[in-house]
Amino acid sequence: MAMTVLVLLTYYKTAHNQLCKPSFINGLIRSWGKAETMENITKIECTHFKYLVSVVIAQLCTSRQNLISHPQFIQLASLLSEFLSHADYREIRKWEDENGYSWKKFRPYLQVAYFPYHAKRSVQARGSDPLYGNLQMMCIETGIFSLQLLMSVEKERKMMAEQGLLDYILCLPSVLPKNSSAQKRAKDLVAMLGKEMHLQPPS
């Protein structure tokens, strides 16, 4: 429950300066390892916890990257890479549905996924740092993973359309680096939406 609250806090940019303190980031890293050694949680519960931690990392690192230290770049990118290589958004979503989770905000995840677009239009203090660049791509892909999870449920696809955000998802592959794993994931997301919502190209 505490990690869910932290995810909700990351929706508000005003909270990011506090959340990006080294002690908090190190706490996130430690919590990841502790989840793996706890005996009273199931495998899917551990995966869901890591998902929530990944969302928090992605939100913070694409918002206040100048506050994150170099050693933490490597650690955070490693955690996100591990999560993305093993997690299945369908399994996580199935568990969330069984446990009463409901998400109604989509913009924060779109903002993470669209970070390359926004980065081109602002001065990024660490934009040319290769360590940060790797972390940035992991964060972007995590944002897209979240959108896959959210859009796998009909009611949330409808909410996304009602909020006028559907076009942002459909255009997402075009703003991502070509042939990157993030772009591939975004294309899979668009294909899933096209199938589930019976979308047709404009005539």
Side-chain angles (χ1 to χ4, degrees), residues 1-89 91-93 95-96 99-115 118-119 124-127 129-150 182:
M1 181 62 70
M3 192 55 63
T4 303
V5 173
L6 283 176
V7 170
L8 298 178
L9 273 177
T10 64
Y11 291 171
Y12 303 95
K13 301 292 186 182
T14 52
H16 287 192
N17 284 347
Q18 291 296 317
L19 296 177
C20 279
K21 288 184 175 180
S23 58
F24 179 80
I25 298 298
N26 287 332
L28 284 178
I29 295 169
R30 288 194 300 271
S31 72
W32 188 286
K34 287 180 180 178
E36 294 178 333
T37 59
M38 291 179 67
E39 297 181 355
N40 60 337
I41 64 172
T42 64
K43 181 179 178 180
I44 185 60
E45 287 172 336
C46 181
T47 301
H48 185 255
F49 178 83
K50 289 181 177 181
Y51 166 64
L52 296 179
V53 174
S54 297
V55 169
V56 172
I57 292 171
Q59 292 285 351
L60 296 180
C61 291
T62 53
S63 170
R64 297 290 188 269
Q65 72 278 4
N66 60 308
L67 300 180
I68 310 294
S69 69
H70 272 72
Q72 290 173 331
F73 284 179
I74 300 172
Q75 291 174 293
L76 295 175
S78 177
L79 295 184
L80 295 184
S81 177
E82 175 197 324
F83 173 77
L84 290 167
S85 63
H86 293 98
D88 185 329
Y89 69 87
E91 291 180 359
I92 296 175
R93 188 60 213 231
W95 184 88
E96 286 192 338
N99 287 273
Y101 279 79
S102 180
W103 305 98
K104 297 181 180 180
K105 282 186 175 287
F106 309 109
R107 288 182 185 275
Y109 306 98
L110 281 169
Q111 288 171 344
V112 171
Y114 266 89
F115 184 73
H118 296 296
Q124 298 297 324
R126 303 269 177 98
D129 188 320
L131 291 177
Y132 174 65
N134 184 43
L135 174 58
Q136 174 184 306
M137 288 310 301
M138 292 294 100
C139 291
I140 292 164
E141 192 168 349
T142 300
I144 300 168
F145 181 98
S146 297
L147 290 170
Q148 287 179 302
L149 184 151
L150 293 167

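The residues of the chain are indexed from 1 along the displayed sequence.
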Side chain to side chain, Gln136 and Phe115, heavy atoms closer than 4.5 Å: yes
Of all pairs that satisfy salt bridge (charged side-chain N to carboxylate O under 4.0 Å, His left out), the ones with a partner from residues 100-115, not counting sequence neighbours: none
Distance (rounded to the nearest 0.5 Å) between Leu135 CG and Thr142 OG1: 9.0 Å
Least distance between heavy atoms, Val112 atom then Cys139 atom: CG1-O, 3.2 Å
Side-chain touch Tyr11/Tyr109, heavy atoms, less than 4.5 angstrom: yes
Close side-chain approach of Cys46 and Met38, heavy atoms under 4.5 Å: no
Interatomic distance, Glu141 atom CD to Ser85 atom OG [nearest 0.5 angstrom]: 9.5 Å
Distance-minimising heavy-atom pair for Ile144 and Ala113: CG1-CB, 3.9 Å
Atom pair OG/CZ of Ser146 and Arg93 - distance to nearest 0.5 Å: 11.0 Å
Sub-4.5 Å side-chain heavy-atom contact between Cys61 and Phe73: no
Nearest-0.5 Å distance that lies between atom CZ in Phe24 and atom CG in Leu60: 6.5 Å
Validation row: Glu96, Leu150 side chains within 4.5 angstrom (heavy atoms): no
Check: Val56 and Leu19 side chains under 4.5 Å, non-hydrogen atoms: no
Ring geometry between Trp95 and Tyr101 (parallel below 30°, tilted from 30 to 60°, perpendicular above 60°): tilted
Gln59 side chain reached by Val7 side chain, heavy atoms, under 4.5 Å: no
Chi angles and distances behind the side-chain contact (heavy atoms from CB on, under 4.5 Å) call for His48, Thr42: CA-CA 10 Å; His48 185 255; Thr42 64; over 6 Å; no
Enumerate donor-acceptor pairs with a distance under 3.5 Å from any side-chain N or O in residues 74-84 to protein atoms, sequence neighbours excluded.
unit_1, atom_1, unit_2, atom_2, d
Glu82, OE2, Lys50, NZ, 3.1

Inter-residue atom distance Asp88.CG - Phe145.CZ, 0.5 Å rounding: 7.0 Å
Minimum-distance pair of heavy atoms, taken over all atoms of Thr47 and Ala87: CG2-CB, 4.4 Å
From Met138 atom CE to Thr62 atom OG1, the distance as rounded to the nearest 0.5 Å: 13.5 Å
